**Student:** 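Here it is, the structure, as structure tokens.
Everything quoted here is computed from the prediction, not taken from an experiment. Sequence lines set the chain letters: A, B, ... in the order given, protein chains first and strands last, and positions in each chain run from 1. Reckoned from all heavy atoms, side chains included, excluding hydrogens, waters and symmetry mates.
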Amino acid sequence: MERIPILRMGQFLIVSIQVDMHDRLALTLQSDLATRISETGARGVLLDISSLEIVDSFIGRMISNIAGTSRVLDAETVVVGIQPAVAITLVELGLSLPGVRTALNVEKGMAMLRHATGFDGHDAAPGSTPLSESSDDSAAV
Amino acid sequence: MADTSRAARSESGRIARVLEQDSANLLEAWIAAQSKVLSARGSISANELRSQSREFISLLQKAIASGASSVDGPDWDDVRGFLADLSKSRAIQGFSPRETAMFVFSLKEPLFERLGAAANPDADTRTTDVWNASLILDELGIYTTEVYQKSREQLISRQQQDLLELSTPVVKLWDGILALPMVGTLDSSRTQVAMESLLQRIVETGSDVAILDITGVPTVDTLTAQHLLKTVNAVHLMGAECIISGIRPQIAQTIVHLGVELGDVVTKASLADAFRLALSRTGRTVTRIDAHVNDRA
Amino acid sequence: MTVLRCEIVPVRSQQDVVAVRQSVRSLAVAQGLSLVDQTKVVTAASELARNTLDHGGGGTARLEAVIDNGRTGLRLTFEDRGPGIKDVDLALTDGFTTGNGLGLGLGGAKRLSNEFDLWSRAGEGTRVTITRWR
């Protein structure tokens with residue numbers, strides 16, 4: 001089954017959507033991420049959508065759901081790389097993605113995650129629970 | 001049929017002959033007539049006018065001598081091309097439509113005088129010649145005006161485009177801080193262009209803060225306020241912060257009166273205040289050098 | 001209004017919705033729409049194609065390149081023979097949803113278009129036509 005890869009980098013999970021997703025693929029990503037967050041105890045999720053040419057209300061809902069689910073699982077979500085044309089269209093559509101943090105690019109997004117979680121990404125902060133030994137294989141769920 | 005065409009050819013031949021043989025005198029009389037119309041401006045030199053006039057007489061002579069009756073035909077290509085160039089350049093130089101059309105029409109009087117005075121005797125022939133010459137010059141005059149009109153329209157639409165782009169300059173105030181000073185009335189298309197160029201620059205420069213300065217905006221209505229809000233929202237979505245500055249007291253009252261919900265949009269009275277905030281948001285402060293020394297002491 | 005090009009594509013699966021988006025995109029590029037306008041019309045098409053699939057049980061999308069008085073544009077028609085919409089005004093209200101979206105589909109598509117036309121009759125089906133000018 002087709003899947004969007006989820007990469008792990010220290011305390012953070014990184015997802016870069018590079019394909020024009022159909023709805024089921026988006027739903028799969030949503031549940032995959034929830035599973036991975038709880039498996040790895042990740043503290044942050046970076047969602048790169050710079051390659052997305054459009055974000056419609058369904059993808060918008062997926063993004064809000066990912067952010068909401070992550071928060072419940074004690075992880076911060078930052079969405080990075082929303083293109084100008086996509087941002088204008090989202091506003092016109094009436095979607096403002098409330099409660100979702102955004103950053104211009106991956107670098108700024110990572111900095112935002114580190115700041116928000118108090119982790120620097122690579123090394124576990126003192127006193128944090130050790131990460132479970134799950135593999136980095138992106139397709140593993 | 002052959003007779004009429006031969007007759008037409010001999011008639012046009014007479015006009016062509018006058019244009020050819022009496023061209024020097026005709027040119028002087030025509031230039032004198034044109035100078036009367038153009039005297040107010042002087043944006044064209046006497047030499048230029050003379051060379052334009054001489055060229056036109058010569059082209060007109062050739063075209064008429066060809067015997068072609070319709071000025072739309074290929075024999076008239078050179079004449080029309082010449083008039084189109086003249087008309088375009090006059091439109092750009094700011095000549096009035098009257099001044100441009102008079103280039104052709106002012107040739108009537110001196111030409112008709114010479115057609116009347118020409119060797120050919122009887123009144124009927126003279127009337128025919130004047131009538132034919134008049135038809136040709138009227139057609140050419142109208143053609144000149146049409147080209148003039150089109151050139152003006154092109155000029156105006158190009159200026160509108162330029163104005164639209166000029167009116168939305170995105171400037172970099174500091175590393176990571178952009179400003180968009182808006183001047184004049186904000187309509188949908190202007191705000192759209194402004195929003196697009198601002199967002200594009202944010203991506204290109206990786207800026208964290210964008211300041212939308214509306215000091216130069218005279219009034220704000222509901223639609224404008226909504227456009228501004230959309231811009232702020234789009235900037236937020238991309239992950240940067242947007243500050244609106246330069247909201248004048250009347251505009252502030254209007255916004256409240258209209259019931260526009262600005263939500264959590266950050267507003268500052270002046271561009272300077274907004275810039276100070278932007279600096280602090282990006283982890284910087286501005287201090288006077290002596291004060292700085294004192295602070296550190 | 002003159003139709004320059006017309007393409008009818010099926011909307012029967014989620015993959016078809018993706019295909020509609022891609023066809024609309026290339027048509028918008030060919031018609032010379034700006035990037036922002038391309039994005040708006042593709043997004044609107046995505047919303048409407050999803051409605052056709054999810055609420056209408058599938059149907060067709062007619063994608064047309066049109067010209068009117070020198071203006072070029074895109075006209076998209078989504079048609080299904082599904083249950084139809086009982087209350088059209090309500091369906092256009094933001095936040096109203098019968099499916100699993102945000103309820104911005106129809107209203108959003110309307111806001112992203114220059115012209116919007118909705119025909120629906122209970123039990124017969126739904127037809128939505130949008131036009132986006134260059």
Side-chain angles (χ1 to χ4, degrees), chain A residues 1-4 17-34 47-69 77 79-100 102 104, chain C residues 11-26 28-29 33-55 58 78 91-114 116 130 132:
Chain A
M1 190 179 160
E2 204 183 352
R3 281 204 146 84
I4 308 279
I17 303 172
Q18 305 278 345
V19 293
D20 195 346
M21 290 188 296
H22 55 74
D23 294 356
R24 202 161 41 265
L25 192 54
L27 292 174
T28 310
L29 173 63
Q30 214 172 294
S31 59
D32 282 2
L33 251 178
L47 190 60
D48 170 36
I49 59 166
S50 55
S51 299
L52 281 192
E53 289 179 334
I54 67 148
V55 171
D56 60 14
S57 61
F58 194 86
I59 304 296
R61 193 173 101 113
M62 178 203 79
I63 292 171
S64 294
N65 285 351
I66 286 176
T69 313
T77 304
V79 176
V80 305
I82 298 183
Q83 293 299 309
V86 173
I88 292 171
T89 305
L90 278 175
V91 170
E92 209 70 47
L93 194 60
L95 271 175
S96 55
L97 304 183
V100 178
T102 53
L104 282 176
Chain C
V11 184
R12 300 255 163 239
S13 69
Q14 293 187 351
Q15 287 299 346
D16 286 348
V17 176
V18 176
V20 166
R21 289 205 284 258
Q22 284 159 357
S23 299
V24 171
R25 170 75 68 175
S26 55
V29 172
L33 264 68
S34 73
L35 180 61
V36 172
D37 287 342
Q38 288 170 31
T39 310
K40 284 181 178 175
V41 75
V42 174
T43 308
S46 182
E47 301 290 350
L48 296 176
R50 182 178 296 109
N51 279 349
T52 301
L53 181 67
D54 292 351
H55 303 309
F78 296 83
L92 280 168
T93 313
D94 281 347
F96 172 80
T97 177
T98 55
N100 50 5
L102 286 171
L104 290 169
L106 273 182
K110 187 178 181 183
R111 278 194 295 277
L112 294 174
S113 319
N114 296 122
F116 180 91
I130 59 166
R132 179 88 214 177

**Student:** Output the distance between atom OG (C:Ser13) and atom CZ (A:Arg24), rounded to the nearest 0.5 Å.
**Tutor:** 8.5 Å
**Student:** Can you tell which part of C:Val17 gets under 4.5 Å to a heavy atom of chain A, answering side chain, backbone, both or neither?
**Tutor:** neither
**Student:** Tell me the closest heavy-atom pair linking A:Thr89 and C:Thr39, and the distance in Å.
**Tutor:** OG1-CG2, 3.4 Å
**Student:** Quick check: closest heavy atoms across C:Gly105 and A:Ser57, and the distance to 0.1 Å?
**Tutor:** N-OG, 4.4 Å
**Student:** How far does CG of A:Asp23 sit from CG of C:Leu53, to the nearest 0.5 angstrom?
**Tutor:** 8.0 Å
**Student:** Between C:Arg21 and A:Ile54, is there a side-chain heavy-atom distance shorter than 4.5 Å?
**Tutor:** yes
**Student:** With rounding to the nearest 0.5 angstrom, report the CG to CZ distance, A:Asp20 to C:Arg25.
**Tutor:** 9.0 Å
**Student:** Less than 4.5 Å to any heavy atom of chain C: does that hold for the side chain of A:Met21, its backbone, both, or neither?
**Tutor:** backbone
**Student:** Is there a donor-acceptor pair closer than 3.5 Å between any side-chain N or O of A:Glu92 and the backbone N or O of C:Lys40?
**Tutor:** no
**Student:** So which atom in C:Ala109 and which in A:Leu93 form the shortest heavy-atom distance, rounded to 0.1 Å?
**Tutor:** N-CD1, 4.4 Å
**Student:** Got a second to check how far A:Ile88's CD1 is from C:Leu35's CG, nearest 0.5 Å?
**Tutor:** 9.0 Å
